[in-house]
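Structure first, commentary second.
We name chains A, B, ... by the order of the sequence lines, and we start the count at 1 in each one.
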Amino acid sequence: MNYSDPNEPIVVLDFETSGMSPLQGDRAIEIGAVLIRDQQIADRFQSLINPGFLITREIEMVTGINNSMLSDAPDAATVMTDLSRFIGSYPLVAHNASFDQKFLESEFSFIGKTRPYNFGCTLLLSRRIYPDMPNHKLETLIRMKALPVNGKFHRALADAEMTAALWLKIIADIATEYNFDGVPFEVLKKLCKVPHEKVGEFLKETAEELRSAPPDTTGSLF
DNA sequence: TGCCAGGCCCTCTTTAGGGCCTT
């Protein structure tokens with residue numbers, strides 16, 4: 001197959017929310033996102049979001065975000081419109097992406113935006129690349145890989161920045177171990193679904209394929 | 001009163017159950 005440029009920009013994002021499920025009425029209360037270009041953070045987006053109701057004490061304790069902070073925040077329609085511009089058509093990445101994807105799609109649906117989103121997941125990747133970790137929580141992975149702790153865990157921009165660092169670390173480790181000259185996003189997305197016992201085989205074969213047919217870097221496939 | 005997430009992934013599995021992850 002044809003692969004895209006491994007240096008294609010991506011957006012890493014993280015939502016803080018009022019609970020676990022938009023289908024149960026939960027809403028986003030904070031979004032953080034970073035644009036990665038040339039293996040570094042090139043731009044940042046962050047905003048609290050007023051969900052239109054009071055969040056629980058439990059969520060205040062988890063996130064450090066309280067109702068007083070949210071009372072002055074812009075509403076979801078305003079923030080999501082700005083976020084849509086920031087995201088553009090770039091591929092997206094999150095830690096446990098299924099969670100952020102369902103809130104992204106839910107919040108966009110409220111402003112009439114529905115389209116497929118192309119997500120990669122650092123949780124699924126880390127389970128395959130770092131199977132011996134004590135667990136695969138974002139905080140554990142950041143500390144075990146000695147990556148910088150940029151602020152408080154469970155705040156959206158800090159989590160997005162640290163997820164971005166983890167994403168780049170995973171790419172660097174794959175490139176080193178399997179002799180990739182850059183790892184295209186589609187390869188990482190495929191890797192998220194490769195059975196654990198076949199990860200090595202998949203990466204060896206893909207690296208060989210890329211060496212015989214390098215990615216097209218003249219234009220985006222997205 | 002009792003209900004209250006969902007996808008991934010392992011195993012004592014596949015006619016299922018439970019821990020891990022996200023807030």
Side-chain angles (χ1 to χ4, degrees), chain A residues 11-34 46-70 73 76 79-80 83 92-110 116-145 147 149-167 169-170 188-202:
Chain A
V11 169
V12 184
L13 59 80
D14 181 76
F15 279 105
E16 303 306 314
T17 70
S18 67
M20 290 298 181
S21 174
L23 292 178
Q24 299 293 318
D26 290 316
R27 299 295 301 267
I29 60 172
E30 188 182 37
I31 175 67
V34 296
Q46 184 275 334
S47 182
L48 291 169
I49 303 169
N50 187 333
F53 53 81
L54 296 178
I55 61 172
T56 64
R57 182 66 181 152
E58 177 192 1
I59 295 298
E60 288 185 331
M61 295 290 287
V62 169
T63 64
I65 297 168
N66 59 47
N67 283 298
S68 175
M69 295 162 68
L70 296 176
V79 176
M80 294 306 292
L83 178 66
L92 304 175
V93 169
H95 194 68
N96 197 9
S98 64
F99 177 87
D100 293 280
Q101 183 169 7
K102 68 185 178 184
F103 274 96
L104 183 79
E105 292 177 350
S106 173
E107 293 295 344
F108 273 151
S109 73
F110 287 125
Y117 295 93
N118 190 23
F119 265 89
C121 178
T122 50
L123 171 62
L124 297 180
L125 287 173
S126 65
R127 282 176 175 161
R128 286 162 175 78
I129 302 302
Y130 310 129
D132 297 328
M133 287 283 149
N135 62 62
H136 295 84
K137 295 177 182 178
L138 178 62
E139 180 168 359
T140 301
L141 292 162
I142 292 298
R143 297 195 191 284
M144 294 294 289
K145 289 294 162 187
L147 297 168
V149 177
N150 296 327
K152 181 181 177 297
F153 286 100
H154 289 296
R155 285 304 299 269
L157 184 58
D159 278 3
E161 289 193 19
M162 290 186 282
T163 301
L166 177 59
W167 174 261
K169 175 64 174 168
I170 289 170
L188 295 159
K189 188 160 181 184
K190 275 188 179 180
L191 181 55
C192 290
K193 293 183 178 294
V194 170
H196 288 225
E197 69 276 12
K198 295 188 175 178
V199 165
E201 176 186 344
F202 169 79

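- Among the protein residues, A:F103 comes within range of no part of the nucleic acid, since none of its heavy atoms lies under 4.0 Å from any strand.
- Classification of A:R57 and A:E60 as a salt-bridged pair holds, one side-chain N sitting under 4.0 Å from a carboxylate O.
- Of all heavy-atom pairs spanning A:L141 and A:N135, the tightest one is CD2-O, 4.4 Å.
- Distance check on atom C1': B:dT15 versus B:dC20 gives 25 Å, rounded to whole Å.
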Next item on the list: Go through the steps to decide whether A:Y117 and A:F108 satisfy the test ring pair (Phe, Tyr, Trp, His ring centres under 6.0 Å), and finish with yes or no.
Entry: CA-CA 11 Å; A:Y117 295 93; A:F108 273 151; 5.7 Å; yes
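- Within the 4.0 Å cut-off from OP1 or OP2 of B:dC20, not a single side-chain nitrogen or oxygen of A:H136 is found.
- As judged by a 4.0 angstrom heavy-atom cut-off over every strand, A:D100 is placed among residues making no nucleic acid contact.
- When rounded to the nearest whole Å, the span between CG of A:L13 and P of B:dT22 equals 15 Å.
- With sequence neighbours excluded, the residues forming a side-chain contact (heavy atoms from CB on, under 4.5 Å) with A:P22 are A:K102, A:F103, A:S106, listed by chain and number.
- By the salt bridge (Lys or Arg N to Asp or Glu O under 4.0 Å) test, A:E16 is found to be paired with no residue, residues two or more places apart in sequence or in another chain being considered.
- Whole-Å rounding puts the A:L104 CG to B:dT23 P distance at 15 Å.
- Distance check on atom P: B:dC4 versus B:dG17 gives 15 Å, rounded to whole Å.
- With hydrogens and angles disregarded, no donor-acceptor distance shorter than 3.5 Å links the side chain of A:R27 to the backbone of A:G52.
- Using a 4.0 Å cut-off on heavy atoms, the residues of residues 152-167 of chain A that approach DNA chain B are A:H154, A:D159, listed by number.
- Taking A:R155 as the reference, A:E30 meet the salt bridge (Lys or Arg N to Asp or Glu O under 4.0 Å) condition, with sequence neighbours excluded.
- In this structure, A:Q101 places its CD atom 17 Å from C1' of B:dT23, rounding to the nearest Å.
- Contact annotation for A:D26: no contact, since no heavy-atom pair falls under 4.0 Å across all strands.
- Protein atom CD1 of A:I142 is 15 Å distant from nucleotide atom C1' of B:dT22, rounded to whole Å.
- The gap from the P atom of B:dG19 to that of B:dC12 amounts to 15 Å, rounded to the nearest Å.
- Side-chain atoms of A:T63 come within 3.5 Å of backbone atoms of A:I59 as a donor-acceptor pair (strictly under, hydrogens ignored).
- Annotation: B:dC3 and B:dC21 have their P atoms spaced 27 Å apart (nearest Å).
- The main-chain N or O of A:I55 is never found under 3.5 Å from a side-chain atom of A:S18 such that the two would form a donor-acceptor pair.
- Listed for the A:N150 side chain is no donor-acceptor partner under 3.5 Å among the backbone atoms of A:M162.
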With 3.5 Å as the limit, what N/O pairs link the protein to nucleotides 4-6 of chain B?
none

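- Figure legend: A:K189 and A:F119 shown without cation-pi pairing, the cationic atom not lying both under 6.0 angstrom from the six-membered ring centre and within 45 degrees of its axis.
- The 12-atom threshold is not exceeded at NZ of A:K198, counting heavy atoms of other residues, nucleotides or ligands nearer than 6.0 Å.
- B:dC8 and B:dT13: their C1' atoms are spaced 15 Å apart (whole Å).
- Straight-line distance between the P atoms of B:dG18 and B:dT23: roughly 25 Å, to the nearest whole Å.
- The CD1 atom of A:I29 sits 10 Å away from the P atom of B:dT23 (whole-angstrom rounding).
- Atoms CZ (A:R57) and C1' (B:dT23) sit 16 Å apart, rounded to a whole Å.
- Here the side chain of A:T17 is nearest to one of B:dT22, B:dC21, B:dT23, namely B:dT23.
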What N/O pairs connect the protein and nucleotides 8-11 of chain B at under 3.5 Å? Give each pair on its own line.
{"from": "B:dC9", "atom 1": "OP1", "to": "A:R128", "atom 2": "NH1", "distance (Å)": "2.6"}
{"from": "B:dC9", "atom 1": "OP1", "to": "A:R128", "atom 2": "NH2", "distance (Å)": "2.7"}
{"from": "B:dC9", "atom 1": "OP1", "to": "A:H196", "atom 2": "NE2", "distance (Å)": "3.2"}
{"from": "B:dC9", "atom 1": "OP2", "to": "A:R128", "atom 2": "NH2", "distance (Å)": "3.2"}
{"from": "B:dC10", "atom 1": "OP1", "to": "A:H196", "atom 2": "ND1", "distance (Å)": "3.4"}

